[in-house]
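Here the structure is laid out as structure tokens; the discussion comes afterwards.
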Number of protein chains: 2
Amino acid sequence: MRRDVFQAIADPKRRAIIALIAVQAMTPNAIAENFNTSRQSISKHLKILSECDLVKQEQQGREIHYSLKIEKLQEVDAWIEQYRQIWESRFDQLDNVLSNLKKDKK
Amino acid sequence: MRRDVFQAIADPKRRAIIALIAVQAMTPNAIAENFNTSRQSISKHLKILSECDLVKQEQQGREIHYSLKIEKLQEVDAWIEQYRQIWESRFDQLDNVLSNLKKDKK
DNA sequence: AATATATGCAACTATTTGGTTTCATAAAAT
DNA sequence: ATTTTATGAAACCAAATAGTTGCATATATT
């Protein structure tokens with residue numbers, strides 16, 4: 001099964017978990033309290049996030065605190081960057097495009 | 001079934017299709033020639049991309065030219081933006097964090 | 001008119017996914 | 001020592017996914 005950051009962020013619940021633990025490390029139980037789903041389903045999402053290298057764990061007694069490895073999201077940023085360049089250049093050149101269109105049509 | 005831009009970009013083949021048609025509009029057949037998969041599977045991916053509002057179609061005779069609606073990718077950019085701010089501020093404040101840590105530990 | 005080409009759609013299949021239920025283990029509280 | 005709490009793992013299930021195969025339709029080409 002594929003395990004990359006794009007697959008990780010595809011699920012809305014996982015994006016919500018990411019948002020939660022970006023602020024502060026949390027235990028699976030604490031995370032589950034923020035959703036109406038079982039603790040086990042959160043654990044499975046955390047396992048997927050962990051396999052995608054998006055979270056780190058810190059054991060404290062019987063609790064495990066999960067937090068976001070925010071650097072990993074830079075992979076998404078790097079991917080979107082190429083397209084950002086396209087839409088930014090399109091915006092810059094909008095006037096040119098419009099005047100060229102006028103010429104072509106005429 | 002969920003149809004949003006995050007689900008659309010989760011599949012590596014769809015990301016490859018996006019990269020292709022970002023440059024220029026292409027027909028399903030022309031796209032399929034770039035992969036070792038059937039024309040029909042490309043059509044299914046294009047359907048998903050279309051349902052996610054990531055592509056636009058232009059019919060020319062019996063050909064249909066698909067091209068990227070790049071604005072839609074700005075939704076991904078907006079999502080990643082909040083985390084970019086976090087890692088950028090972390091970078092900016094790295095010295096502060098380190099000196100604070102020293103104080104806390106001591 | 002007959003044939004070839006470009007495409008979408010529907011049915012079918014194997015695999016993956018997200019979830020629940022149940023169990024095992026280890027640490028804390030009593 | 002016994003019970004409670006926090007967690008992961010395994011078995012199972014329904015739904016979704018990616019792909020294939022076979023068709024239907026419409027536009028070119030001959």
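Just so we're on the same page: letters track the sequence lines, and every chain starts at 1. What's counted below: heavy atoms across the whole structure, side chains too, no hydrogens, waters or symmetry copies.
- D/dA28 atom P lies 12 Å from atom CD1 of B/I64, rounded to whole Å.
- Spacing between atom CD of A/Q57 and atom C1' of D/dT7 amounts to 11 Å, rounded to whole angstrom units.
- Relative to the side chain of B/R14, the nucleotides C/dG8, C/dT17, D/dA18 differ in distance, and D/dA18 lies closest.
- Remark: C1' of C/dT16 and CD of A/E51 are 13 Å apart, rounded to the nearest angstrom.
- With B/R14 as the fixed residue, the side chain to side chain contact (heavy atoms under 4.5 Å, CB included) test singles out one of B/I48, B/I42, B/I9: B/I48.
- Under a 3.5 Å cut-off, the side chain of B/D77 and the backbone N or O of B/L73 do not form any donor-acceptor pair.
- The interatomic distance linking B/K44 (NZ) with C/dT13 (C1') rounds to 10 Å, in whole Å.
- Evaluation of atom-type donor-acceptor distances gives no pair under 3.5 Å for the side chain of B/R2 against the base of C/dG18.
- Of the two residues contacting DNA chain C, namely A/N36 and B/T27, the nearest-nucleotide position lying further toward the 5' end is that of B/T27.
- Where B/S38 and B/R3 meet DNA chain D, the nucleotide closest to each residue was compared, and B/R3 sits on the side nearer the 5' end.
- The side chain of B/S43 places an N or O atom within less than 4.0 Å of a non-bridging phosphate oxygen (OP1 or OP2) of C/dG8.
- Of the two residues contacting DNA chain D, namely A/R62 and A/Q40, the nearest-nucleotide position lying further toward the 5' end is that of A/R62.
- Regarding contacts with the backbone of D/dT20, a side-chain N or O of B/T37 is found under 4.0 angstrom from either OP1 or OP2.
- Between the NZ atom of B/K13 and the P atom of C/dT16 there is a distance of 14 Å, given to the nearest Å.
- Checked against A/Q85 for a side-chain hydrogen bond (donor to acceptor under 3.5 Å, both in side chains), the options A/Q82, A/E88, A/E81 give a single hit: A/E81.
- The CD atom of A/Q7 sits 14 Å away from the C1' atom of D/dA18 (whole-angstrom rounding).
- Between A/D4 and A/K72 there is no salt bridge, since none of the side-chain N atoms of the basic residue sits less than 4.0 Å from a carboxylate O of the acidic one.
- Taking atom CG on A/N29 and atom P on C/dA27, their separation rounds to 17 Å, with Å as the unit.
- Judged by distance alone, the side chain of B/R2 and the main-chain N or O of A/A10 form a donor-acceptor pair under 3.5 Å.
- Of the side-chain N and O atoms in A/H65, none sit less than 4.0 angstrom from OP1 or OP2 of D/dA6.
- Atom CZ of A/F35 is separated from atom C1' of C/dT20 by 18 Å (rounded to the nearest Å).
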